[in-house]
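As the structure lists them, so they are numbered: ligands from 1, and atoms in each ligand from 1.
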Amino acid sequence: MKLGVLASGGGSNLQALIDAQIPVAVVGVNVPGCGAFDRAHAAGLPNFVLDHRAFPSRADFDRALVARLQKYDVDLVVLAGFMRLLTPDFLGAFPHRVINVHPALLPAFPGVHAQRQAFDYGVKVAGCTVHFVDAGTDTGPIIAQAAVPVLDDDDAESLRLRVLAEEHRLLPAVVRAFAEGRIELVGRRARVRVPILQ
Ligand code: GRF
């Protein structure tokens with residue numbers, strides 16, 4: 001399996017994939033100089049920067065993104081903190097082969113600042129979700145989730161870090177399961193043949 005990782009931020013989820021020794025064919029970022037780019041470079045991974053602001057439209061940006069990923073024969077795209085919505089054209093180029101990690105227990109708290117949304121709401125259990133990407137915002141079929149408690153002395157930042165630690169466990173486990181052909185999508189239900197996290 002050829003894995004392409006797209007990121008926009010610090011890149012700690014990319015780092016988790018690298019640390020789990022999951023082969024990464026290419027890393028693409030849309031924010032020049034972001035942490036994910038530095039991590040890709042430090043790990044000696046092929047990489048590219050495509051600044052979305054340089055493109056006249058979302059469709060143009062996505063077309064360029066597809067072309068770059070196809071150059072590396074990518075057959076699974078992981079969005080690891082990639083802060084752009086993807087067009088149906090992009091998704092059509094990788095059908096059921098784009099997955100995202102989201103820092104909340106979907107369908108609760110989609111969109112940005114999900115951990116803060118959950119904290120402000122006052123939930124007692126928070127967590128993260130890895131899901132297939134569809135044209136909506138964090139609406140695609142769920143593959144796996146991990147939960148963490150919200151403690152009385154938490155603030156939004158301590159909760160964010162606890163959720164992030166689970167993302168770092170869950171995402172590599174899902175990618176490995178995908179690579180081993182253990183994930184099957186039936187309708188909008190993803191079946192995983194063995195437990196993803198022991
Ligand atoms: C993660 O919390 C991810 O779930 C969200 O953005 C954050 C990215 O963190 N979409 P990093 O760039 O992987 O450190």
Side-chain angles (χ1 to χ4, degrees), residues 3-22 24-43 45 47-52 65 76-86 90-91 98-121 123 125-150 154-178 190 196-197:
L3 174 64
V5 179
L6 297 179
S8 307
S12 69
N13 278 291
L14 166 65
Q15 193 66 51
L17 294 168
I18 295 168
D19 293 347
Q21 297 185 328
I22 291 183
V24 176
V26 64
V27 176
V29 305
N30 67 313
V31 178
C34 68
F37 179 80
D38 292 342
R39 291 178 194 267
H41 193 72
L45 296 173
N47 57 72
F48 63 84
V49 183
L50 271 188
D51 187 341
H52 59 280
L65 212 47
L76 176 67
V77 180
V78 169
L79 309 183
F82 185 63
M83 304 307 281
R84 303 288 302 166
L85 286 179
L86 294 168
F90 181 98
L91 297 173
V98 184
I99 68 177
N100 179 46
V101 58
H102 180 75
L105 293 173
L106 292 170
F109 312 119
V112 293
H113 307 308
Q115 311 94 319
R116 173 168 284 285
Q117 290 183 54
F119 181 78
D120 290 347
Y121 194 92
V123 299
V125 177
C128 59
T129 302
V130 178
H131 63 94
F132 285 108
V133 175
D134 66 11
T137 302
D138 304 319
T139 51
I142 290 171
I143 302 170
Q145 296 183 301
V148 299
V150 181
D154 267 334
D155 54 25
E157 178 61 9
S158 61
L159 180 59
R160 185 185 74 81
L161 293 174
R162 191 174 307 120
V163 170
L164 189 61
E166 285 306 300
E167 294 181 47
H168 296 163
R169 275 161 38 85
L170 195 62
L171 182 62
V174 169
V175 171
R176 190 162 280 135
F178 189 96
I196 280 187
L197 290 181

* To do: Quick one: do H52 and L65 satisfy side-chain contact (heavy atoms from CB on, under 4.5 Å)? Show the steps, please.
  => CA-CA 10 Å; H52 59 280; L65 212 47; over 6 Å; no
Do any nitrogen or oxygen atoms of ligand 1 lie under 3.5 Å from a protein nitrogen or oxygen, and which ones?
residue  : atom   : partner : partner atom : Å
ligand 1 : 2 (O)  : E167    : OE1          : 3.2
ligand 1 : 2 (O)  : E167    : OE2          : 2.9
ligand 1 : 4 (O)  : V101    : O            : 3.2
ligand 1 : 4 (O)  : E167    : OE1          : 2.6
ligand 1 : 4 (O)  : E167    : OE2          : 3.4
ligand 1 : 12 (O) : G10     : N            : 3.2
ligand 1 : 12 (O) : G11     : N            : 2.8
ligand 1 : 13 (O) : S12     : N            : 3.3
ligand 1 : 13 (O) : N13     : N            : 2.8
ligand 1 : 13 (O) : N13     : ND2          : 3.0
ligand 1 : 14 (O) : G11     : N            : 3.4
ligand 1 : 14 (O) : S12     : N            : 2.8
ligand 1 : 14 (O) : S12     : OG           : 2.5

* Asked: Among R160, E167, R116, which one satisfies side chain to side chain contact (heavy atoms under 4.5 Å, CB included) with P103?
  -> E167
* In this structure, which one of V174, D138, I99 forms a side chain to side chain contact (heavy atoms under 4.5 Å, CB included) with H131? -> D138
* Who passes side chain to side chain contact (heavy atoms under 4.5 Å, CB included) against P107, sequence neighbours left out? -> none
* Asked: L91 and A135: which non-hydrogen atoms are nearest, and at how many Å?
  -> CD1-N, 3.6 Å
* Search all heavy atoms of A104 against all heavy atoms of F109 and return the closest pair with its distance. => CB-O, 3.6 Å
